[in-house]
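In what follows, every chain begins at residue 1, and chains take the letters A, B, ... in the order their sequences are listed.
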2 protein chains.
Amino acid sequence: MITMKEIAEIAGVSQATVSRVLSGSSAVSPRARQTVMEIVQKHDYTPNYSARNLAMDQSFLIGLIIPDISNPFFGEIVRQVEREAGRNGYNIIICNSDGDITKERSQLQTLRARQVDGVLVIPASSNSPILTTLYNSDIHTVVVTQPHSRFDSVYVSHLEGGRIVAQHLLGLGHTRVLLVGDSESENDKIVGFKQVFSEKGIIFPEDHFLNIGAWDHDLVKQAYLSGLEYFRRHRPGHATAVFTVNDVAAFGINHALKELNLRIPDDVALIGFDDTFLSQGLNPPLSSVSQPVEEIGRRSIEMLLDRLIRKFDGDVRSVQLNPLLVARESTLGRQAGHA
Amino acid sequence: MITMKEIAEIAGVSQATVSRVLSGSSAVSPRARQTVMEIVQKHDYTPNYSARNLAMDQSFLIGLIIPDISNPFFGEIVRQVEREAGRNGYNIIICNSDGDITKERSQLQTLRARQVDGVLVIPASSNSPILTTLYNSDIHTVVVTQPHSRFDSVYVSHLEGGRIVAQHLLGLGHTRVLLVGDSESENDKIVGFKQVFSEKGIIFPEDHFLNIGAWDHDLVKQAYLSGLEYFRRHRPGHATAVFTVNDVAAFGINHALKELNLRIPDDVALIGFDDTFLSQGLNPPLSSVSQPVEEIGRRSIEMLLDRLIRKFDGDVRSVQLNPLLVARESTLGRQAGHA
DNA sequence: TTGTACGCGTTATCAA
DNA sequence: TTGATAACGCGTACAA
């Protein structure tokens, strides 16, 4: 790889002039510019970012800490982030945490070593220790997917999402609903769901929760097996509907129900969360709560770049986006039409 | 952020000694080591990679060029790659090409500027120009997902995959098959499929191809719409089976068939490709051709690290992995049992 | 075992 | 408009 110094020699100018030509920062004589550019072209000069970073104390690197890239929902976020970052001269270093706070910690450590200018983080949990570490560092941070009091954040209200689902199912007459998720008490989707029940004076039945872990990569299988066991053990009607905290789990439940010859939604209604691009392909089409995933990704990176590039230095900003019920046949039945 | 120089001052030693302590390369007196380490701990010293890269002419950075991260199949590859790389002290810069060779080119350019030690590339097409660029550079490269004569490569034979599908469908008596993909003549899955037909003297019918583009992000919808139109226009039996070159497209077709009240597989059989973790959640469970995606990811990064770390300098190696037919109800019907 | 000194490829400051 | 020259933080050859 050719360097500025070498180009300077060939061109018979100083290395500083080459730098000026390439950065376009200050004025250079047309002659010098001409000669330099020709040599640059000819030798396919590429600047050395490491050197540039060192000199400018800026890496144009953004760290992205995310629980599971293979989850299409997160994948879409990555895609948006990478695109928008690229347009602005930034690159993304990706860190898959598996939802493990230990991994998160070591990854943040290497991101710091890499001198990243900023970090987008989808924390493993709302009290991930890295959030504290980040706060004590001077790395610009945006928390994605959940609200945060000290950082910029972009999120969809899970509480509201859970409430919407509850209202939808209650409206259809379901009072015995099986909840499928990672935590019965700490997952806001579930909290919101139950909130509506208690507000309406409806008692949420005991033993209607299936714990399938949070970021288990084999979520489909987990949900499938748990669902199978549940519906084998309980009489039909013990639960007339199932709400899973994400679509992926709903796939597993769907499979289990099919296996047991239970009809959806006649025997058991099913509703997921995220409305990934696969929900509508499911059979019957899956009701779900859609999150504006492109917007989440885009707004997140935009907020970060706003601080990095435009040097915005105001108070912490949070963007709350609205979840949207997408009712399809898996809860509505055939009369759903073809939405 | 504290630097070696500052640590050296505090410790009353030279910066070189601090470097030695931290790298553990050469011998240092226990006393010096002790003092330095304490200060390092206390101030939470983090090495500056940019500086290190510059000095060592090594970035410990690997570029990953991939068509669509939001596709779960690729997502899984990213996951494996990131993990294995991380274990060996390397980080991943991710580049989403959208299957666009222009984007590929500019991304490779910035990867070069970033001084990446190696590149894993899933090319937009088999003759992506960046392959030439890479060959003329000194960047270690592994081509993933397709064979290559000049680079290390890891792939599953698409030709063989297509053949397997043809054999499976012919075995079930389907001779009129609708093919759904990006290219009728250049996609090896389709080429292999037709190969079997002609070997057996069976003429593949005209007008049995639906072009839905390659990396269109809205593949499900594309397939859905195309499928809908196709099955509306042709009499039942014009095609008795559908083969889509990936599962995502199969989701769309599944939706279309359902909409038209065509039963799977009684009216139309359906088979996909990739066997993503979602296939088994589909209803009926989707037959597909599985690719050992974890192995693809793992082997790819391993081959690259082998050259980077172990300095392997032998001939180009290619790893061909075998596709595997996973027959489920969408082709076999209810007698499929519960595989 | 330690310190000095140089180089890595840039940016940026200062005179000229 | 240009060219020296000093950083930037680290690795390392060399001498002590």
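- Residue B:K5 contributes atom NZ, which lies 14 Å from atom P of C:dA5 at whole-angstrom precision.
- Ion pair A:R298/A:E302 flagged as a salt bridge, since at least one NZ, NE, NH1 or NH2 atom sits closer than 4.0 Å to an Asp/Glu carboxylate oxygen.
- The side chain of A:T17 contributes an N or O atom lying less than 4.0 Å from OP1 or OP2 of D:dG3.
- Rounded to whole angstrom, the span from the OH atom of B:Y49 across to the C1' atom of C:dG9 amounts to 20 Å.
- The side chain of B:S29 places an N or O atom within less than 4.0 Å of a non-bridging phosphate oxygen (OP1 or OP2) of C:dT2.
- For the pairing with A:L61, the side-chain contact (heavy atoms from CB on, under 4.5 Å) check across A:L111, A:I92, A:I93 returns one residue only, A:I93.
- Distances shorter than 4.0 Å separate none of the side-chain N or O atoms of A:S14 from OP1 or OP2 on D:dT2.
- Atoms CE (B:M4) and P (C:dA5) sit 19 Å apart, rounded to a whole Å.
- Phosphate contact (OP1/OP2 of D:dG9, side-chain N/O of B:Y45, threshold under 4.0 Å): absent.
- Atom CG in B:D57 sits roughly 12 Å away from atom C1' in D:dG11 (whole-Å rounding).
- In the set C:dC8, D:dC10, C:dT11, the nucleotide with an atom closest to the side chain of A:R52 is C:dT11.
- When each of A:I2 and B:R31 is assigned the nucleotide of DNA chain C with its nearest heavy atom, B:R31 is the one assigned upstream, toward the 5' end.
- Of the two residues near DNA chain D, B:A55 and A:P30, the one whose nearest nucleotide lies more 5' is A:P30.
- Within the 3.5 Å criterion, the main-chain N or O of B:Q115 finds a donor-acceptor partner in the side chain of B:S59.
- Note: CD (A:Q15) to C1' (C:dA12) measures 11 Å, nearest angstrom.
- We find that CG of B:L54 is positioned 5 Å from C1' of C:dG9, with the value rounded to whole Å.
- Relative to the side chain of B:A16, the nucleotides D:dT2, C:dT4, D:dG9 differ in distance, and C:dT4 lies closest.
- The nucleotide whose nearest atom lies closest to any side-chain atom of A:M56 is, among C:dT11, C:dT4, C:dC8, C:dT11.
- A donor atom on one side chain and an acceptor atom on the other are found under 3.5 Å apart for A:R83 and A:Q80.
- Distance CE (B:M1) to P (D:dG9): 11 Å, rounded to an integer number of Å.
- Rounded to an integer number of Å, the gap from B:I7 CD1 to C:dG3 P is 15 Å.
- The line from CZ of A:R114 to CG of B:N91 is 4.5 Å long, rounded to the nearest 0.5 Å.
- Residue-level contact check: B:S19 touches the bases, meaning some heavy atom is under 4.0 Å from a base atom.
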